[in-house]
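Owing to the predicted nature of the structure, the values given are computational and were not obtained by experimental measurement. These numbers come from the heavy atoms of this one structure, side chains and all, not from hydrogens, waters or symmetry mates. Just so it is clear: chains get the letters A, B, ... in the order the sequence lines come, proteins before strands, and each one is counted from 1.
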Amino acid sequence: MLEWITGKKVEIIFNEKIFTGSTKKTVLQSAIENKIPIRYNCGSGVCGQCAITLNSGEVKSNNKILLACQCYPDSNINISQKV
Amino acid sequence: MSKIKNWGIVTPSQSQKIRNSYEKSLFPSRFSSWLTGKAHSEKRLNTIFSWWSYLCVVLAAFFMGLACLIYSQLITVQLAGTLLVLFSSRRLAAVVIHQAVHHRLSGNEMIDMLIGEFCAIITFSQDFKSYKVDHCKLHHSPETFATKSDPILIFLETCGLTHGMSKSDLILGLWSCIFSPFFHFKFMVKRAIHNLNFKRPVRLLFFGVYYALLVFEMYSQNNISGALLLFLGLILLYQISAFVEICSEHLWFGNTEERRNTEYFYADISWGRFCGLPYPAVRNNVPTWYLVNLFYHLPVRLFILVGDLPQHDFHHRHPIVVNWTNAIELRNEAIGTIVENEPRYLEVWGLHNAIGIVFEQLSQKQSFVNQCTINAD
Ligand code: FES
């Protein structure tokens, strides 16, 4: 019922690790909350450290390059990041 | 025993012993944790602040300080006002605006930007937008962090503290800047340029209105000493505080190539900077211990290493922690949950020791970061 506040639960596969995220949380937030190791630094879309590749699914993002700290999953997604 | 160890880099376990020794003193545990910047190993003393209560208290202190300077003719009240302005303006800049550029103040990008710009205007400091680029893009990037492209190092260079100078020249340079009218003038002009940005008319309008009101109130109260003391607190002492703080912040030019390409590129060149010293084993030294704490470490904590700056290394390892007001506790927890391959935490006690290590590195051509780490064992 409170989905419009908390967002819809989605499944995120990141570098082959599976965890649960939300459509109202950035991919980075969800990864950190689930203690998934992810490369990032500023958290505000400036440093470019958290760039990811979308392998499948849909995300909401205003940037050309997908940044984990700036994009919100719209469906179950499969993403990866070069280590 | 190595020379570097004597400068004060210690391991977290040695450091914990220093903090725990404060329990023998008359200081309450919560006060000791705040003063030193290091939490007790067992006593859980979480902060009473959330982001908004912290912001409200600091803003209240700032405007109370201004009110003392504008409306009181009593010199003691004005002096208290100067200290309040310094105390709060440094927190607004180094804590509130800093968290806001990481979108970690309220967590909402728009609210953080508005609060950040407001605080930058009232503290006459670098505007939010350009600070965000300087800080997030350059200071937080592995390619530029602690290199000659890091805005903080560019600033140090313009102040005359350059890589390769001898340590004694660096120390002399630090003192010269603190007392140099030229340094203060240049710093102030830099702050003014950030604020007088004609490309951002709305911000400029707010800036103009705020300072016009301030000058009008000062003028109508005919409070010359208040105006001079405001200049002292918000401009001169603020600049000294910011300058001394960055001289102790990171091991500038200290990164190694191998480390730069890993996710822990910041770890070896950042440290916890704690304020204090071990409680003396010899009873005769106890009065001196209190004096050193009250007249050296306390002012440092109040006016230089403000807010979460003692745990600045924790910020670089966990830059987007939401509960940053509790960084003292969180840092201790993080030491206990260090992940595989993560370099362990380094800790320095005493601002002078941190500055000493930074200057030692600046005076060398090669990085001595590994040496530091090894010697702390
Ligand atoms: S963490 Fe810096 S751009 Fe995402």
- request: Could you tell me which portion of Arg104(B) (side chain, backbone, both or neither) has an atom closer than 4.5 angstrom to a non-hydrogen atom of chain A?
  value: side chain

- request: Tabulate, in ascending numerical order, the residues of residues 23-31 of chain A having at least one heavy atom closer than 4.5 Å to a heavy atom of chain B, or enter 'none'.
  value: Leu28(A), Gln29(A)

- request: Would you mind checking which part of Glu33(A) comes under 4.5 Å of any heavy atom in chain B, side chain (CB onward), backbone (N, CA, C, O), both or neither?
  value: neither

field: Structural part of Val101(B) lying under 4.5 Å from a heavy atom of chain A
entry: backbone

- request: Grab the two heavy atoms, one from Gly43(A) and one from Ile320(B), that are nearest each other, plus how far apart they are.
  value: CA-CG2, 3.4 Å

- line: Of all heavy-atom pairs linking His140(B) and Gln49(A), the shortest is O-CG, 4.5 Å

- request: Flag yes if more than 12 heavy atoms outside Leu196(B) fall under 6.0 Å of its CG atom; otherwise flag no.
  value: yes

field: Criterion side-chain contact (heavy atoms from CB on, under 4.5 Å) on Tyr266(B) and Asn41(A), from CA distance to verdict
entry: CA-CA 10 Å; Tyr266(B) 40 77; Asn41(A) 216 290; 3.9 Å; yes

- prompt: Going through the distances and angles, do Cys47(A) and Lys137(B) end up as a side-chain contact (heavy atoms from CB on, under 4.5 Å)?
  reply: CA-CA 4 Å; Cys47(A) 74; Lys137(B) 192 169 185 176; 5.7 Å; no

Stepwise side-chain contact (heavy atoms from CB on, under 4.5 Å) check, His102(B) with Cys42(A): CA-CA 6 Å; His102(B) 285 285; Cys42(A) 69; 4.2 Å; yes

- request: Using a cut-off of 6.0 Å, state whether more than 12 heavy atoms not belonging to Phe206(B) lie near its atom CZ.
  value: no

